[in-house]
Amino acid sequence: GNSVTQMEGPVTLSEEAFLTINCTYTATGYPSLFWYVQYPGEGLQLLLKATKADDKGSNKGFEATYRKETTSFHLEKGSVQVSDSAVYFCALNPAGKSTFGDGTTLTVKP
Amino acid sequence: GAVVSQHPSRVICKSGTSVKIECRSLDFQATTMFWYRQFPKKSLMLMATSNEGSKATYEQGVEKDKFLINHASLTLSTLTVTSAHPEDSSFYICSASPGTGDTEAFFGQGTRLTVV
């Protein structure tokens, strides 16, 4: 079956530091890949997505590249802000049914 | 993008009562919707797949008599937690997709259920 393995957290960074959250997946074929963000007490928001190999998804300074050869979709941001503090989920959604990683809690300190 | 609305966002109920949570696709039709449960500081676990006009498909370990799902129209699925107990307290989230196959899922805002 499908599975997503996500870097364990929590991750604590200082403002303007570089962020990487690792994500690898196991799936049949080459599904679209997603990163979602969840702020405290809220639902999920789509952060970015990539639909095929070598695609790069980007949004709000975050980027992730779909790497078929390593079955990875690592999330990066060059300079994090306090407002980026949240929980980040890597996911795949074949036929709309989502499989999530365990989530990585990011805390950014001023 | 497509919008999925979930209601209520928060609910507190007494042990033994039932609570209904609604999930609506506002600008598209969805023959299939999904219900997830999230425990504190944990990931989202799929509970069931809601199918319009037919019975829901439950994941292993999910009590279908406890969590009743009804998908009466192409834009509405409901999750009823019956005879709720404190251990049912959790964050419940629904999702739907406007298409089929490999497609983006759109999530509701979630419902925080507290059973006292």
Side-chain angles (χ1 to χ4, degrees), chain A residues 1-11 21 23 25 27-53 55 57 59 66 68 73 85-107, chain B residues 1-10 21 23 25 28-52 56-60 71 77 90-114:
Chain A
N2 299 328
S3 67
V4 177
T5 302
Q6 197 173 325
M7 169 182 176
E8 290 187 18
V11 175
I21 301 177
C23 170
Y25 68 91
T28 303
Y30 303 104
S32 297
L33 299 173
F34 302 85
W35 276 100
Y36 293 93
V37 58
Q38 185 178 35
Y39 297 100
E42 298 185 11
L44 295 181
Q45 297 178 26
L46 177 67
L47 180 60
L48 54 83
K49 65 181 179 181
T51 58
K52 60 183 186 295
D55 265 4
N59 185 27
Y66 190 152
K68 183 176 69 174
F73 193 53
S85 298
V87 182
Y88 293 82
F89 293 95
C90 184
L92 45 89
N93 296 329
K97 181 188 291 188
S98 301
T99 299
F100 295 92
D102 287 341
T104 300
T105 300
L106 171 66
T107 301
Chain B
V3 178
V4 173
S5 178
Q6 192 173 335
H7 178 79
S9 58
R10 292 180 179 271
I21 302 169
C23 179
S25 56
F28 66 97
Q29 294 183 332
T31 56
T32 304
M33 294 184 175
F34 301 92
W35 288 96
Y36 300 84
R37 181 174 180 176
Q38 185 179 30
F39 292 97
K41 300 188 185 299
K42 297 292 185 182
S43 188
L44 290 84
M45 302 302 296
L46 179 66
M47 297 176 64
T49 302
S50 174
N51 304 299
E52 188 269 335
T57 304
Y58 291 82
E59 296 299 302
Q60 190 172 10
H71 195 150
S77 175
S90 196
F91 193 59
Y92 295 88
I93 305 179
C94 69
S95 77
S97 297
T100 59
D102 183 35
T103 182
E104 178 179 343
F106 294 88
F107 291 86
Q109 306 94 316
T111 297
R112 171 72 61 193
L113 170 63
T114 303

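Every chain is numbered from 1 and lettered A, B, ... according to where its sequence line falls, protein lines coming before strand lines.
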Heavy-atom distance under 4.5 Å to chain B: side chain of F89(A), backbone, both or neither?
side chain

Using heavy-atom distances under 4.5 Å, tell me whether Q38(A) contacts chain B through its side chain, its backbone, both, or neither.
side chain

Determine whether D102(A) and K42(B) make a side-chain contact, defined as any pair of heavy atoms from C-beta on separated by less than 4.5 Å.
no

Quick one: what part of Q38(B) sits under 4.5 Å from any heavy atom of chain A, side chain, backbone, both or neither?
side chain

Rounded distance (nearest 0.5 Å) linking atom CZ of F107(B) with atom CG of L46(A):
9.0 Å

Tell me, side chain or backbone of L44(B) under 4.5 Å from chain A's heavy atoms, or both, or neither?
both

Among A105(B), G108(B), G110(B), which residue forms the greatest number of heavy-atom pairs with chain A at distances under 4.5 Å?
A105(B)

Is there side-chain contact between S98(A) and Y36(B), with at least one heavy-atom pair below 4.5 Å?
yes

What's the spacing between L44(A) CG and S95(B) OG if we round to 0.5 Å?
9.0 Å

Mark yes when over 12 heavy atoms from residues, nucleotides or ligands other than M7(A) sit less than 6.0 Å from its CE; otherwise mark no.
yes

Between the CG atom in L46(B) and the NZ atom in K97(A), the distance rounded to the nearest 0.5 Å is 6.0 Å

Can you check whether G103(A)'s main-chain N or O pairs, donor with acceptor, with S43(B)'s side chain at less than 3.5 Å?
no

